[in-house]
Amino acid sequence: MRKKMTLASVAGVATITLALAGCGGGSDPTDGGGGGGDGDDQTLTVWAWDPAFNVYAMNEAATIYQQDNPDVTVEVIETPWEDIQTKLTTLAQTGELEELPDIFLMQNNAFQKNLINYPELFTAVTDSGIDFTEFPESVVAFSTTEGDNYGVPFDNGAAVTALRTDILAEAGYTVEDFTDITWDEFIANGEDILAKTGKPLLSGTAGESDLITMILQSTGASLFDADGNPTITDNDALLQAIDVYTRLVETGVLVEVNSWDEYIGTFVNSNVAGTINGVWILGSIQTAADQTGLWNITNLPSLDGVGEATNYSANGGSSWVVSSNANTELAADFLGATFAGSTEFYDTILPSSGAIANWIPASESAVYAEPHPFFADQPVFQLAVEFGAQVPSVNTGAYYYEGRDAVSAAITNILNGADPESALAEAQATVEFAMQ
């Protein structure tokens, strides 16, 4: 997932034609409609957002698949995520499932809510021959219910700590000083670096809870229990994660800004010494060409004494869905041969799009192991896949976004002086009301 950036996508059609076959369901692919269907049709229609990332990857997957299946056509209809969600809701409510494409892309954090509310939109791919053990368990869990798999993971959302090595060196530190450490150690290092260089280590958008949810997942905890009930109150890991965030802000180790663009600007313009986010943030970091060779990545600090207390987490990511209107056998075989089975495919899309695999065998290729000049010759793509494989699996619940937004509001109130437990009780009540 390219967070935030996908919101600017404009609906259109990006089509790769591998054979002169018509749309599977008879719909015009340029109208944004469906086009799946069973039978002998060798056309697969796909809904996906972001032409430079997801659409590009799907088109390259089609090219790879066509090498052994020259009669197959893949038609990719560029559709912003918000439009996909609207279409899915509308088609489920009207029962017009024949308008679904064969395959559509789903944000991982939205998967459970859609799967629970609209199961008629999905086809299980548990017995498709795809080896789901070759993906991180934490990612597969987003699209799994009652032991059945409904999604094929795509882009890697593993979290990384990215740091400016020159600013660290100015204060007498290296990236090794930030590897496999705790949040207490991170804050202490950050205070020292701020005092010596005037640079905060981190930045973040005010009123957002992304960092807190990353800290929470690193402990194996969530805002919801195994049954999907909110656990915002009496959640020790959440309280400690909020305490870390509060200390980061109060010490000046993290500076809050007002928008996504300002956040990107803080590290592109050298106002901070690093950032913590999903690995997809590396694309934004690299827009500062003058900083080539000055960055390294490492894992996250751990929240010692809570849960699993790992140094690994995630933020974002998406998975492919085979719809209930699909040419099921063809769609599953296509995804299995490419997104879940082709090192050649992942090697092809990596240099141009920066799309890093969730498929663990991809990290074993020579392309993933290549040193990256921007990141001082670290094999950052290989590291990202390795980090992703160690992220604890948690239940994000069907109401993940409602929970995240409620916690975001609570954080703002806490930073303005509210009692943490009272603010979280209010957040819990907000989510419970939304679930009624």
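Values below: all heavy atoms of this structure, side chains included; hydrogens, waters and symmetry mates excluded. Residue numbers run from 1 in the order of the sequence given.
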Margin query: Side chains of N271 and T266: any donor to acceptor distance under 3.5 Å?
Written below: no
Solution key, residues 387-399 side-chain donor-acceptor pairs under 3.5 Å, sequence neighbours excluded:
from: Q390; atom 1: NE2; to: E386; atom 2: O; distance (Å): 3.2
from: N395; atom 1: OD1; to: G397; atom 2: N; distance (Å): 3.1
from: N395; atom 1: ND2; to: D225; atom 2: O; distance (Å): 2.6

task = Examine the side chains of T275 and Y263 and answer whether a donor and an acceptor come within less than 3.5 Å of each other.
result = yes
Residue pairs meeting salt bridge (Lys or Arg N to Asp or Glu O under 4.0 Å), one or both in residues 256-283, sequence neighbours left out, come to none
Does a sphere of radius 6.0 Å around CG in N269 hold more than 12 heavy atoms from other residues, nucleotides or ligands, not counting ones at 6.0 Å or beyond? yes
Is any side-chain heavy atom of V380 closer than 4.5 Å to one of W295? no
Hits for ring-ring contact (aromatic ring centres under 6.0 Å, His included) against F334, two or more places apart or cross-chain, chain-then-number order -> Y65
Worksheet item: Strictly by modelled atom types, are N114 and Y150 linked by a side-chain donor-acceptor pair under 3.5 Å?
Response: no
Discussion item. For the CD atom on E426, are there more than 12 heavy atoms of other groups (residues, nucleotides or ligands in this structure) within a distance under 6.0 Å?
Written reply: no
When I232, T231, D405 are each screened for side chain to side chain contact (heavy atoms under 4.5 Å, CB included) with V431, the one that passes is I232
Applying ring-ring contact (aromatic ring centres under 6.0 Å, His included) to F224 and not counting sequence neighbours gives none
| field | Pair R247 + D243, salt bridge at N-O below 4.0 Å | value | yes
Taken in chain and number order and not counting sequence neighbours, the residues that satisfy salt bridge (Lys or Arg N to Asp or Glu O under 4.0 Å) with K113 are E402
**Prompt:** Should we count CD of E120 as having more than 12 external heavy atoms under 6.0 Å?
**Reply:** yes
Salt bridge (Lys or Arg N to Asp or Glu O under 4.0 Å) filter on D131, not counting sequence neighbours, yields none
